[in-house]
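The structure appears right after this line, and notes come after that.
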Amino acid sequence: MHHDPIIQALADKQAIYELMVRYAERIDANDPAGAAACFAEDGIGMYWGEAAGRKAIAARLAGILDRFHTTSHHLSNVGITLDGDRATAMSYVYAFHRMAGTMEAMHVWGRWVDELARIDGEWLFTRREVVGVGAVNRGKDANGDTVSDVDQPGHPGRLSRQPAEDLWRAG
Amino acid sequence: MHHDPIIQALADKQAIYELMVRYAERIDANDPAGAAACFAEDGIGMYWGEAAGRKAIAARLAGILDRFHTTSHHLSNVGITLDGDRATAMSYVYAFHRMAGTMEAMHVWGRWVDELARIDGEWLFTRREVVGVGAVNRGKDANGDTVSDVDQPGHPGRLSRQPAEDLWRAG
Amino acid sequence: MHHDPIIQALADKQAIYELMVRYAERIDANDPAGAAACFAEDGIGMYWGEAAGRKAIAARLAGILDRFHTTSHHLSNVGITLDGDRATAMSYVYAFHRMAGTMEAMHVWGRWVDELARIDGEWLFTRREVVGVGAVNRGKDANGDTVSDVDQPGHPGRLSRQPAEDLWRAG
């Protein structure tokens with residue numbers, strides 16, 4: 001650990017960002033095992049259902065990736081909270097996909113909600129959950145399924161409010 | 001302040017990035033007051049019209065957010081210029097929206113043009129302007145309005161040039 | 001160079017990120033010369049064909065930019081590997097475009113694959129290649145051309161696998 005906590009925090013956030021970049025890169029490289037290696041050995045991947053451990057995560061990711069000719073997972077809004085050798089994070093993802101077979105374009109907007117740990121000096125996901133915010137599918141995939149255009153859990157903790165007077169229209 | 005100006009600059013840029021992430025997160029959480037709290041007390045929000053102060057900013061944001069079932073503001077290209085306890089920034093935003101009522105998808109590409117200050121040790125927006133670069137609306141919103149597909153101010157300072165010989169097509 | 005290699009690495013990565021941000025900003029400002037100035041004097045730009053040196057890069061970029069009314073290049077997933085005064089990087093780009101004339105929206109997803117060097121204390125591109133992963137064009141451009149919807153090189157190093165049993169559907 002660095003003697004200067006400000007430097008250590010910057011380095012930890014950079015390392016966690018680079019883990020997220022590597023995860024997306026391995027997913028888009030159609031490498032489920034490489035993506036699963038971004039998790040702790042006993043990590044949990046929540047992909048519309050729980051996969052426990054790297055082997056199960058890789059199998060789940062392989063099943064998902066087989067549905068696509070192309071994926072491109074664009075990471076942004078990386079918010080990290082450090083707590084020593086532990087961290088939590090929420091980041092945004094926009095993913096472009098092409099369906100296998102039909103080559104239809106499919107777009108997904110979501111959040112990655114993460115728990116991380118520094119294990120033997122390396123930051124890894126101990127839990128990563130994908131939370132959908134929206135999806136647009138121009139057609140059906142090779143299985144004839146369509147992706148729901150609107151039925152998504154939405155932004156974590158999104159509030160309900162009474163409508164305000166629409167100052168925007170008055171402005 | 002850190003004795004090492006290189007470390008201080010890195011920490012300031014990280015803190016400003018995290019402010020921008022928090023702002024987008026509060027917007028997408030449908031929390032106008034939380035987003036307004038990212039501004040200085042007397043900050044200015046330019047949302048197609050000026051809102052001065054946190055209360056006015058929150059009211060304006062509430063009026064905008066009421067038009068949408070979903071928003072997802074994806075931050076990128078964060079360019080920050082530091083000047084002691086002041087800073088200016090321009091960042092890129094792509095925002096996915098679903099209209100309230102119709103659930104139509106709407107997409108906006110723009111810039112956040114910011115002025116910031118460190119106040120009591122915390123970086124806050126003193127002025128934030130949204131500059132539209134493009135928008136695509138698949139239909140009308142619940143008010144029957146459509147979002148202009150092309151009528152946008154465009155990238156700040158975008159240049160006019162004489163057309164070049166199209167080397168790309170020759171290449 | 002900073003006496004602390006951890007700080008130097010963080011500062012180098014920030015400087016390289018800011019170079020990428022400046023490049024995109026100059027492109028979207030319709031400033032081919034400004035974008036070319038992000039390259040070393042003898043840098044190579046691979047834009048579906050090689051442009052060698054700043055003058056050739058600027059000419060190539062001008063020819064490309066002339067085809068568009070609007071561009072917006074959103075940078076993400078910045079992965080940088082440092083090696084002293086040299087670096088390599090791969091980052092993701094999603095670019096929104098409007099065609100000149102028709103104003104049709106065009107979307108491109110790709111990768112920037114970079115080689116960089118620190119020259120007189122400033123990080124510059126010595127080689128930058130654009131690799132397409134996908135594109136969607138809602139129509140034809142002013143030249144009557146359409147952008148291939150699917151014919152793209154794809155993610156660098158993307159693997160082929162035997163399909164896995166689809167655990168996702170079973171899950």
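The figures that follow rest on heavy atoms only: side chains count, while hydrogens, waters and symmetry mates do not. So that the names make sense, note that chain A is the first sequence line, chain B the second, and so on, each numbered from 1.
- Aromatic ring orientation, B:His97 versus B:Phe68: tilted (interplanar angle from 30° to 60°).
- Residues from residues 4-17 of chain B that place a non-hydrogen atom less than 4.5 Å from a non-hydrogen atom of chain C comprise B:Asp4, B:Ile6, B:Ile7, B:Leu10, B:Lys13, given in numerical order.
- The aromatic rings of C:Phe96 and B:Trp109 sit parallel, their planes meeting at an angle under 30°, below the 60° perpendicular limit.
- Neither the backbone nor the side chain of C:Leu61 comes within contact range of chain B; no heavy atom of the residue lies under 4.5 Å from a heavy atom of that chain.
- C:His73 touches chain B through its backbone: at least one of N, CA, C or O sits under 4.5 Å from a heavy atom, while the side chain does not.
- Between C:Thr71 atom OG1 and C:Arg98 atom CZ the span is 12.5 Å, to the nearest 0.5 Å.
- At least one side-chain heavy atom of C:Arg128 sits under 4.5 Å from a side-chain heavy atom of C:Met20.
- In terms of heavy-atom pairs under 4.5 Å with chain B, the best-connected choice from C:Asp31, C:Val21, C:Leu75, C:Asp28 is C:Asp28.
- There is no contact between C:Glu50 and chain B, counting heavy-atom distances below 4.5 Å.
- For the pair B:Phe39 and B:Leu124, the minimum side-chain heavy-atom distance is 4.5 Å or more.
- For C:Ser76, no part lies near chain B; criterion is any non-hydrogen pair under 4.5 Å.
- Scanning residues 79-93 of chain B against chain C with a 4.5 Å heavy-atom cutoff picks out B:Gly79, B:Met90, B:Tyr92, B:Val93, ordered by number.
- Proximity of C:Ile27 to C:Leu65: side-chain heavy atoms (C-beta onward) are separated by under 4.5 Å at one or more points.
- Taking the six-membered ring where the residue is Trp, C:Tyr94 and C:His74 present tilted rings, their angle falling between 30° and 60°.
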